Undergrad: 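Have a look at this one.
Order of the sequence lines sets the chain letters (A, B, ...), proteins ahead of strands, with each chain counted from 1. Treat the numbers as computed from the prediction; the structure is a model and nothing was measured.
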Number of protein chains: 2
Amino acid sequence: MPDETDGGAPGRRPARRPGGRTARVRARILTAAAELVARDGVSGFRYEEVAERAGVHKTSVYRNWPDRERLVADALLRYAEDLASVADTGDVHRDLVDFLVAMAGGLETPFGRALEQAVQPAGGNPAVRQAVAGILDRRVAALQRRIDAAADRGELPPVDGSFLGEMLSGPVHLIVNRGTRPFTRADADRIVGVVLAGVRATAAPA
Amino acid sequence: MPDETDGGAPGRRPARRPGGRTARVRARILTAAAELVARDGVSGFRYEEVAERAGVHKTSVYRNWPDRERLVADALLRYAEDLASVADTGDVHRDLVDFLVAMAGGLETPFGRALEQAVQPAGGNPAVRQAVAGILDRRVAALQRRIDAAADRGELPPVDGSFLGEMLSGPVHLIVNRGTRPFTRADADRIVGVVLAGVRATAAPA
DNA sequence: CATTAAAAGCAACAGGAAGTTGCTTTTAGT
DNA sequence: ACTAAAAGCAACTTCCTGTTGCTTTTAATG
């Protein structure tokens, strides 16, 4: 995650110094920020508390991240790597159900909620939103690959993978975001069942 | 101290006065708050600006709504009446597509985004969340009635209306919330097509 | 229409976080 | 070992939140 590597022209010698202490300080800040964002949401975490928790002075936080939104985004991105992946056991239905259950689990996490909040179009730097949206989309991409594989094998008719991804994950997001009831494996099973049946029926109308 | 029930029963005569000016002031505050919430999101609107926009003194806002979250909720609820309804032309598919398009239109509104934000489990008074969730759910209820009507006529197999509602509106929320591309009637048509086909296929297998 | 108390207006607070600045100290890179 | 980049530090200013005591308006009541 090199963000501010030199301006560009190599001419200047003045020696930037991303090593050693600086790197340590930045890492601690990001960790602290991520924890606080997960705890308090995107709005609601405080610079001073970040500094305190990171064991770093307030000004160091401000000077490294003059933009609050960027700090949030960098913190989220740093911890966004552990995303659910999609297995390929040969049984599409089962693989998709597993994926949805894993995805729901991730979304229910405080951290997942923070990510979710960060992509909301209301409020927030557009650049940040796009960055976070990108990492969420990587999941969909994995899903799409799995679907394409199934289509190649004839398990499914050829379909638009991103559309199918939306059909599958939309209800999951809805249920988890509302938070009024837990998302269960039975939910995932019903969703996948209806969507796959629907895709098969509409693609091959007999 | 005969019948000085200050606390509970409506017996107390000391003349509360919800009429006239008070009502006007409260209405102006709610209007202003709703506009600002729509513009700046749930977090990000300021009491002082509410007061200014309402042409009312700051303390009047604070004294009427000591709780920030309650103010937001009341403002949202006041303007949440104009919700999309579901027609019944006899053609389920068409009715549902119309509904989804209308719903997407509502969600794309700054106001819709604010509502959406208010139900997020992260951050925010649980009571408020539940209130807002309630009004969003009224839409689903209308949807459910339409579906039940179709089932009665044999257009659809008997299904769990709330499940169907989630299947249909989930993808809409997802697409609109991401905000990366516009939601079109073609989207709605595809969604309804797949879901209805899926429901028919899974309920009447073979 | 006069009375009266509820509620609005007003001004002056305290408190806390955001953000800035000038200076000193540490330390990475040569 | 030297030097400048970056961290620490302290002392600000600014803005918003939330509160309080007092004055003025005005809705409700008779």
Undergrad: Whole angstroms only, please: what is the CD-P distance between B/E49 and D/dG18?
TA: 16 Å

Undergrad: Take atom CZ of A/F45 and atom P of C/dA17, then tell me their distance rounded to the nearest Å.
TA: 14 Å

Undergrad: Within the supplied structure, the quantity of interest is the number of heavy atoms (other residues, nucleotides, ligands) at a distance under 6.0 Å from B/R70 CZ; does it exceed 12?
TA: no

Undergrad: Measure the distance from OH on A/Y62 to P on C/dA17 and round it to the nearest whole Å.
TA: 10 Å

Undergrad: Do B/R146 side-chain atoms and B/A87 backbone N/O form a donor-acceptor pair below 3.5 Å?
TA: yes

Undergrad: Considering only C/dA8, C/dC10, D/dG8, which nucleotide approaches the side chain of B/H57 most closely?
TA: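 Of the options given, the side chain of B/H57 lies nearest C/dC10.
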
Undergrad: Measure from CZ on B/R46 to P on D/dT17 and round the result to the nearest Å.
TA: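 Value for this atom pair: 7 Å.
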
Undergrad: Using the test salt bridge (charged side-chain N to carboxylate O under 4.0 Å, His left out), find all partners of A/R39 that sit at least two apart in sequence or belong to another chain.
TA: A/E49

Undergrad: Mind checking if A/T59 touches a base, just sugar-phosphate, or nothing, with heavy atoms under 4.0 Å?
TA: base

Undergrad: Return the value, rounded to whole Å, for the distance between atom CD of B/E52 and atom C1' of D/dC16.
TA: 13 Å

Undergrad: With no angle test and no hydrogens, is the base of C/dT26 tied to the side chain of A/R21 by a donor-acceptor pair under 3.5 Å?
TA: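 In this structure, the two groups form a donor-acceptor pair.
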
Undergrad: Would you classify B/Y47 as touching base, sugar-phosphate or nothing, given that sugar-phosphate means primed atoms plus P, OP1 and OP2, and contacts are heavy atoms under 4.0 Å?
TA: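 Sugar-phosphate contact only - B/Y47 comes under 4.0 Å of backbone atoms but never of a base.
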
Undergrad: Using atom types as modelled and distance alone, determine if a side-chain donor or acceptor of A/D187 lies under 3.5 Å from a backbone N or O of A/T184.
TA: yes

Undergrad: A/R24 CZ to D/dA6 P: how many Å, rounded?
TA: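 So the CZ-P distance, A/R24 to D/dA6, works out to 15 Å.
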
Undergrad: Would you classify B/R63 as touching base, sugar-phosphate or nothing, given that sugar-phosphate means primed atoms plus P, OP1 and OP2, and contacts are heavy atoms under 4.0 Å?
TA: base

Undergrad: What is the distance from CG of A/N64 to P of C/dT20, rounded to the nearest Å?
TA: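 Distance, rounded to whole Å: 14 Å.
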
Undergrad: Look only at the side chain of A/N177 and the backbone of B/Q120, and say whether a donor-acceptor pair between them is shorter than 3.5 Å.
TA: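 No, because the side chain of A/N177 does not come within donor-acceptor range (under 3.5 Å) of the backbone of B/Q120.
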
Undergrad: Has the side chain of B/K58 got a donor or acceptor atom sitting under 3.5 Å from an opposite partner on the base of D/dG18?
TA: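 Check passes, donor-acceptor contact within cut-off.
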
Undergrad: Between B/W65 (CH2) and C/dA8 (C1'), how many Å, whole number?
TA: 13 Å

